[in-house]
Structure formats: C-alpha cells, structure tokens
Amino acid sequence: MSELLQNGRIAELLAAGGKQRQGASQQSRHSLYGPAAKRQFLAAAQSRLSMDWPSVTLSSDEVVARNLRALRGRSRWLASNNGYYLRYINLNVQNIVGPRGVKLDAKVKISDTLFDKRTNTEIENGWKRWGRKGVPMRRSQWTKTDMERVIVFSVVRDGEVFIRKWFGTGDFGFQLELIDPMRVSTEMSKKLSGRSEIINGIEYEDGQVAAYWISERGMQSDYSGGRAERVPARFIEHLYFPVEAEQKRGFPWMAAGMQRVHMLERYENAEVTQARIAAEKGGFFTKNPAAEGDYVDGTGGAKNSNDDSGEVEYMDSETASFATLPEGWDFKQFDPTHPTTAFDPFSTKLLRGIASAGNINYTSLANDLSDVNYSSARIGILEVRDNWQEKQQWLVGWFHEVILPDWLRMGITSGQLRLDVSRFCEYLNAVSWVARSWAWVDPQKEAVGNRETVGLRAKSLSEVAAERGVEFEEVIDSLKKEREYAENAGIDMSAIFGDGKSGSGNSDRSALLSLLRRIEVLESAIEERESKHKLNGHAKEYQY
C-alpha cells in the first residue's frame, strides 16, 4: 500500500514538473517588469535601453593599469588650461592647508594638571625652525607650508604623490623629497620569486609593501620606458585618498567630473567663437543672374563674372567702413544668434554637476553668489566644511603623524632638539595638530552661541579656541600680555578685563568709548615716536 502511495506521489511530482517546464517558455516571454522581475534589480537587467551601460567588473589594480596614465594626463591638461578645474584644485589647497599650514601643538605634562612648558616650547620652536625655507626639502628651497600645498595640489590633480625620506641630510638630519607619481610606472607588473610580486610599480611581499620602483630623474615626457630604481618601503611615503577595498594607487579627485569639465569648456569656446563672428557681422556676396560685367574685389583687381574656376573671392572689411557693390551684386549678412538665452542656465546646470562630482559648493566653484541668502549659505558652508575637515584629518594622518617620529628622533640625534630621549614615546603621544579654521557667516550669532554652550557646560573654552584655529593657552597668554602692556602704559582696562560687576550698561558703554579714545591717542603717540626714531636712525646711517 505504501509503495502505491509513493509511486502515485512521484507521478504527481513528475506531472507538476512538466507543467512548470511548459510554462517556463511562456514566462520567458513576459515583460521585463512582469512578476518574474520583482525579485531582481532593474539596474542589472539587460534591455535595449541599457546597451550603452557598461556592466564589466574590473579590479582596482586592473583599472589603474588601464586608465590611470590617461586619466592623470588629462587631469594635468585641465589644470593647466581650464579655469574651473584649477579653481577646484586651489579650493582644496586653500581650505585643507590654509595660509599658515598645519600647526604642531605640544602638550607634554609634568603632572596631571601641570604642563611642561620648556619641553613644549622646545618641540614647537623646533618644528617651526625645521619648516623654514630650504630646511625641510631636499633639492628645493621650499618651506614646510609650501610642501603641504604641493602635496595637496598633486594628490587632488594626480590622485597621489610619493615622498622620499632622507636621513642624515639638512640641519635636522631629516629631509623630504617629493616624487612625481609618473615616475612609479603603472605598466610595471610581474611575478617575482617566492611570494613576491610587482603590481603597478609597487613591490609586495606576502601582501605587504616591500619597495617602490622609481624611474630615473630627467626631462622626459614619459617615465614608463626608463630604468627604475628599487627603493625600500621604509624610505617612501605614498599618499592617496583611499575609497575602494584593495586599492593600491590613487585617482584624481575630480575623475567623475573631468569629462563634463572638458565638454563645458568646448561648449563655451564654441559659443565665444560664434559670438565673435556675430559681432563682426560677416556675410556673402550674391550675383543677380541677369547681371553682366566684372566684379571688382577688395584689392582693386578685376574678376570676370563669367569665370567658372570655382575659386572663392574674399573681401576684408574694416570697422566703420562700407564698400560699394557693382551693379547686379547683393550682400547677404551672416548673423549667428549666439550665445543663445539658454547659454547661462545650461552652463549653470553643468557646473552644478561638476561641483557635485568634486563634493564642493557650486557657488564657490563658479564664483556665483547671485542666489545665495543666509540660510542657503549656512547649509552649504556646513556641508562643505565637513568635507574640508575630513580631508584635513586625512592629511594629518597620512603625512604629519607619519613623519613626526622620524623628525623627532633625528632632531634629538642631531642636537637641534634639547630633549630627553628616554621620554620619546611620551613626546609623540602629547603632540596634536591644529589645522586651519573658518569664520562663521554671522560672527555675532556664533559668539552668542558659544557663550551659551560654554555656560551650559556643553563645550569647553579649549574647543571654542580650536574651532578658531588657535590654542586656549595662547589666548590666555595673549590676554595677559595685552593687560600688562596696557597697565604699563597707564591705561585702565578694567572695562574689558574686569570681573563683570560694574554698574549699568550705559556706564560700561561710556567707559569703553573713553577707553577706545585713549587707545587712539596712545597709538598716535607711539606712531609719532617711532617715526622720529626712524628718522634719527636714517640720519645716523648717512653720517660719514
């Protein structure tokens, strides 16, 4: 009985399978958006509308080998010839590095509440001395801030930069050399002995970077064919902004918008050319078929009207001059209507897409503040400043924190830093970095907001100072110095440095105005005294 039931069940299953196979052919004819398509991604579906949509997946190493060389060359061309592209790069340099570069802040402590002022001053002053012109760089006379600007400029434009560390050179026994990423060829990839291999110019051993193959220096348009030197990885720092897993080389930051930048440039050039043609008012000469005689060209020479040689005659025109045409000839003006009214909105649309590809504001990229109000400016600034701060932290983590141990060790070894080598690790852990900051759209509202958050203990004064790009200790020292200077000059600064327990607001206001007037008098007296001192000094210089 069980066998009969089992056989019957098998027969039912076979019959059901036949029906499913019969309906499969019918289901395959269903529309792409039918029931069968509900469990798949429409972006992965194949149709005539997606034939121009590439679906080939390549590894990051293969993408580098195929595209980086051409991508970098076009990026460099745009940086040299396109104003919008160059402004995008300069915006990154100005907002990531700033006018004074990244500042070192040493906070070594003697106890939990007491800072080691001598040690902190020694480290900070040593970093400033190393950053002077010609000291930190090998084969160049740049300052540290210049080097930071070039690093950011190169990474934004080329996607990466290589830095070689030299030990035993310079005043501090430590210098850096920037290497053009073109000298590390993306075409050098091969298998070495054992578990070593070279991928896009970088040698790996057991998955770790072992060395970099750097082509020789020289005036070459392409370093791919030159001889390469193997430099161990401990002497090279490779800076790029990673965005993919297993990424080994960097791409230009505006790679997603480069084609649009180029097309916009060609479009603008075409519109400018057509506008110039329209302004010059060119045209064509036409002849009446019934007209006879010769046509006199602009040079005074005669040309027979019956000449069928096929050559086209041209007449040059001058501003505010008119020519008399022979009888039977007519002039038809060529007047292209360019630029059209769609030029401005179309260019604006393209620039917004370019700004989105670069993760910056359209108003900053295009220098267009026509539609900006306080609310939109505030939202845009908050978003773009998050981007700048992210890039600042990248620069600190990939460059400053990496070179600090070598600089500190060589500075102590060379005698430039009078520090206790046994506290080396303590010095490293006590160093922080202060990048540039930005003023708020409305400084008064910012000041009121900071006062309220500090009063609520939601923010410290050190955090407020850090947002301004300064240290809290520097603010205190500066206030102390100003107060001592004013007291020595006989000026009462109690209205500013008082305990806030003065009388009414009117009295405080009048006291402050009186103080400002006294400061003006004091400044004029100081300027007069300095000018007299300079005149006396010049008089002494010219005495023989």
Side-chain angles (χ1 to χ4, degrees), residues 92-132 135-136 143-149 151-152 155 163 165 172 174 176 237 239 241 385-412 416-439 450 453-454 457-480:
N92 279 272
V93 175
Q94 293 169 2
N95 287 277
I96 297 175
V97 179
R100 292 177 294 274
V102 180
K103 182 181 178 182
L104 182 146
D105 180 17
K107 294 184 178 180
V108 182
K109 291 185 177 181
I110 300 177
S111 62
D112 293 339
T113 58
L114 184 61
F115 286 99
D116 190 346
K117 189 173 182 179
R118 191 202 70 81
T119 300
N120 294 332
T121 302
E122 183 70 14
I123 296 175
E124 293 175 357
N125 290 340
W127 182 257
K128 292 178 181 178
R129 294 198 310 271
W130 183 74
R132 293 174 181 172
V135 179
T143 65
K144 179 187 68 67
T145 305
D146 295 334
M147 178 174 55
E148 292 171 343
R149 294 192 186 102
I151 288 174
V152 174
V155 174
I163 304 176
K165 296 181 288 188
F172 282 73
F174 180 70
L176 302 175
E237 295 297 336
L239 274 65
F241 194 82
R385 284 182 181 177
D386 289 340
N387 175 50
W388 300 137
Q389 291 174 355
E390 178 187 15
K391 300 303 192 304
Q392 286 176 346
Q393 294 302 314
W394 165 83
L395 180 63
V396 168
W398 281 65
F399 175 64
H400 295 87
E401 292 181 350
V402 172
I403 68 170
L404 178 64
D406 293 327
W407 170 82
L408 187 59
R409 182 175 61 255
M410 297 305 298
I412 297 175
Q416 292 289 336
L417 300 177
R418 296 172 296 177
L419 300 172
D420 186 1
V421 68
S422 62
R423 302 175 63 188
F424 181 80
C425 294
E426 181 183 354
Y427 300 150
L428 291 180
N429 296 329
V431 168
S432 60
W433 305 93
V434 181
R436 70 149 298 176
S437 61
W438 304 270
N450 286 331
T453 53
V454 171
R457 303 296 190 268
K459 181 187 293 186
S460 65
L461 292 175
S462 298
E463 292 176 336
V464 175
E467 291 175 356
R468 304 287 298 178
V470 296
E471 303 176 30
F472 175 72
E473 293 81 2
E474 289 183 354
V475 176
I476 296 300
D477 293 341
S478 178
L479 292 175
K480 179 182 177 181

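Because the structure is a prediction, the values reported are computed rather than measured.
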Using atom types as modelled and distance alone, determine if a side-chain donor or acceptor of [X] lies under 3.5 Å from a backbone N or O of [Y].
X      : Y      : result
Arg385 : Ser437 : no
Arg423 : Val108 : no
Glu124 : Ala106 : yes

Worked check of side chain to side chain contact (heavy atoms under 4.5 Å, CB included) between Phe399 and Val102:
CA-CA 11 Å; Phe399 175 64; Val102 180; over 6 Å; no

Roughly how far apart are [X] [atom1] and [Y] [atom2], rounded to 0.5 Å?
X      : Y      : atom1 : atom2 : result
Lys109 : Leu114 : NZ    : CG    : 9.5 Å
Asn92  : Arg149 : CG    : CZ    : 14.5 Å
Glu426 : Thr119 : CD    : OG1   : 8.0 Å
Ile123 : Leu419 : CD1   : CG    : 5.0 Å
Trp433 : Leu104 : CH2   : CG    : 4.5 Å
Asn120 : Asn125 : CG    : CG    : 10.5 Å

Exercise: identify the closest heavy-atom pair between [X] and [Y]:
X      : Y      : answer
Ile96  : Lys391 : CD1-CB, 3.4 Å
Pro136 : Met147 : CB-CE, 4.4 Å
Val402 : Pro405 : O-CD, 3.4 Å

Taking the side chain as every heavy atom from C-beta outward, state whether [X] and [Y] have any pair of such atoms under 4.5 Å apart.
X      : Y      : value
His400 : Leu404 : no
Trp438 : Asn95  : yes
Trp394 : Val155 : yes
Val431 : Trp127 : no

Please test Leu176 against Lys165 for side chain to side chain contact (heavy atoms under 4.5 Å, CB included), starting from the C-alpha separation and ending with a verdict.
CA-CA 5 Å; Leu176 302 175; Lys165 296 181 288 188; 3.7 Å; yes

Passes side chain to side chain contact (heavy atoms under 4.5 Å, CB included), Leu417 versus Arg129? Steps please.
CA-CA 10 Å; Leu417 300 177; Arg129 294 198 310 271; 4.3 Å; yes

Should the ring pair Trp407 and Phe172 be called parallel, tilted or perpendicular, given that the plane angle runs from 0 to 90° and is split at 30 and 60?
parallel

Name the orientation class of the two ring planes belonging to Trp130 and Phe174 (parallel below 30°, tilted from 30 to 60°, perpendicular beyond 60°).
parallel

Hey, is Asp105 close enough to Lys107 for a salt bridge, meaning N to O under 4.0 Å?
yes

Carboxylate-amine/guanidinium contact Glu148 Lys144, below 4.0 Å:
yes

My understanding is that only residues two or more places apart in sequence, or in another chain, count here; which of them pass ring-ring contact (aromatic ring centres under 6.0 Å, His included) with Tyr427?
none

Working note: Val396 + Gln392, criterion side chain to side chain contact (heavy atoms under 4.5 Å, CB included); need CA distance, chi angles, decisive distance, verdict.
CA-CA 6 Å; Val396 168; Gln392 286 176 346; 5.6 Å; no

